[in-house]
Peer 1: 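One structure follows; several queries about it will come next.
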Amino acid sequence: QLQFVESGGGLVQPGGSLRLSCAASGFIPSYYAVGWFRQAPGKEREGVSCISSSGESTNYADSVKGRFTISRDNAKNTVYLQMNSLKPEDTAVYYCAAKRWTCTVVDALFSFWGQGTQVTVSS
């Protein structure tokens, strides 16, 4: 079944940038949306961003609007999350996931998940 591998995480100073990549094991069907989630220690997993299978529609959590940008390269079966102006509160394990049809912030509705990549924002 569809599987993702995340990469691009690491340690960055506040105000810095990272670009996360989510590579799919196979072609993402046209009716699948892909989302990014994150989970910090002691907190619930939260939706960060989501992009439609066509790339025409995107959404973002209020906490990252204006700083993060989600995109996809269908030819490479890869979804990206460009993270700018990073803050310490962005520190978390970031996951990508896919589901049929439309985007949602409800993580339980996503069928396929990657293993996550650690993002640490610290001075």
Peer 1: Mind checking whether Phe68 and Trp36 have ring centres under 6.0 Å apart?
Peer 2: no
Peer 1: Taking the side chain from Thr91 and the backbone from Val121, do they hold a donor-acceptor pair closer than 3.5 Å?
Peer 2: yes
Peer 1: Can a donor-acceptor pair be found between the side chains of Asn84 and Ser17 at a distance below 3.5 Å?
Peer 2: yes
Peer 1: Between Gln82 (side chain only) and Arg19 (backbone N and O only), is there a donor and an acceptor less than 3.5 Å apart?
Peer 2: no
Peer 1: If you count heavy atoms of other groups shown closer than 6.0 angstrom to CD of Glu89, is the number above 12?
Peer 2: yes
Peer 1: Any side-chain heavy atom of Thr117 within less than 4.5 Å of one from Val93?
Peer 2: no
Peer 1: Just wondering, do Tyr80 and Ile70 contact through their side chains at under 4.5 Å, heavy atoms?
Peer 2: no
Peer 1: I'd like to know whether Gln115 forms a side chain to side chain contact (heavy atoms under 4.5 Å, CB included) with Val5, so could you lay out the CA-CA distance, the side-chain angles of the two residues, the decisive distance to 0.1 Å, and finally the verdict.
Peer 2: CA-CA 7 Å; Gln115 293 300 118; Val5 177; over 6 Å; no
Peer 1: Checking Tyr60 now: which residues fulfil ring-ring contact (aromatic ring centres under 6.0 Å, His included) with it, not counting sequence neighbours?
Peer 2: none
Peer 1: Answer whether the closest heavy-atom distance between the side chains of Pro14 and Lys87 falls below 4.5 Å.
Peer 2: no
Peer 1: Return yes if some donor-acceptor pair links the side-chain N/O of Gln39 with the main-chain N/O of Glu46 below 3.5 Å, else return no.
Peer 2: no
Peer 1: If we ignore hydrogens and angles and just use 3.5 Å, is the side chain of Ser49 paired with the main-chain N or O of Asn59 as donor and acceptor?
Peer 2: yes
Peer 1: Using side chain to side chain contact (heavy atoms under 4.5 Å, CB included), reason through Leu18 and Val119 one step at a time and then give a plain yes or no.
Peer 2: CA-CA 9 Å; Leu18 287 173; Val119 172; 3.9 Å; yes
Peer 1: Just so I know, are the side chains of Phe112 and Lys99 near enough to count as touching, which here means a heavy-atom distance under 4.5 Å?
Peer 2: no
Peer 1: Scan the side chains in residues 102-109 for donor-acceptor partners under 3.5 Å anywhere in the protein, sequence neighbours excluded, and list what turns up.
Peer 2:
unit_1: Thr104; atom_1: OG1; unit_2: Val106; atom_2: N; d: 3.2
unit_1: Asp107; atom_1: OD2; unit_2: Arg45; atom_2: NE; d: 2.9
unit_1: Asp107; atom_1: OD2; unit_2: Arg45; atom_2: NH2; d: 3.4

Peer 1: What's the separation between atom SG in Cys22 and atom CD1 in Ile51, rounded to the nearest 0.5 Å?
Peer 2: 11.5 Å
Peer 1: Could you tell me whether Tyr95 and Phe4 have their ring centroids closer than 6.0 angstrom?
Peer 2: no
Peer 1: For the pair Arg72 (side chain) and Ser52 (backbone), establish whether a donor and an acceptor sit closer than 3.5 Å, ignoring hydrogens and angles.
Peer 2: yes
Peer 1: Can you list the steps and then say if Leu81 with Arg38 is a side chain to side chain contact (heavy atoms under 4.5 Å, CB included)?
Peer 2: CA-CA 12 Å; Leu81 185 67; Arg38 67 186 182 186; over 6 Å; no
Peer 1: Which distance, rounded to the nearest 0.5 Å, do you find between the CH2 of Trp113 and the CD of Glu6?
Peer 2: 9.5 Å
Peer 1: Any idea which heavy atoms bring Phe37 and Gly47 closest together, and the distance?
Peer 2: CD2-CA, 3.4 Å
Peer 1: Hey, does Arg67 have a side-chain heavy atom less than 4.5 Å from the side chain of Ser85?
Peer 2: yes
Peer 1: Just say parallel, tilted or perpendicular for the rings of Trp101 and Tyr31, cut-offs at 30° and 60°.
Peer 2: tilted
Peer 1: Quick one: does any side-chain atom of Thr120 pair with a main-chain N or O of Leu11 as donor and acceptor, under 3.5 Å?
Peer 2: no
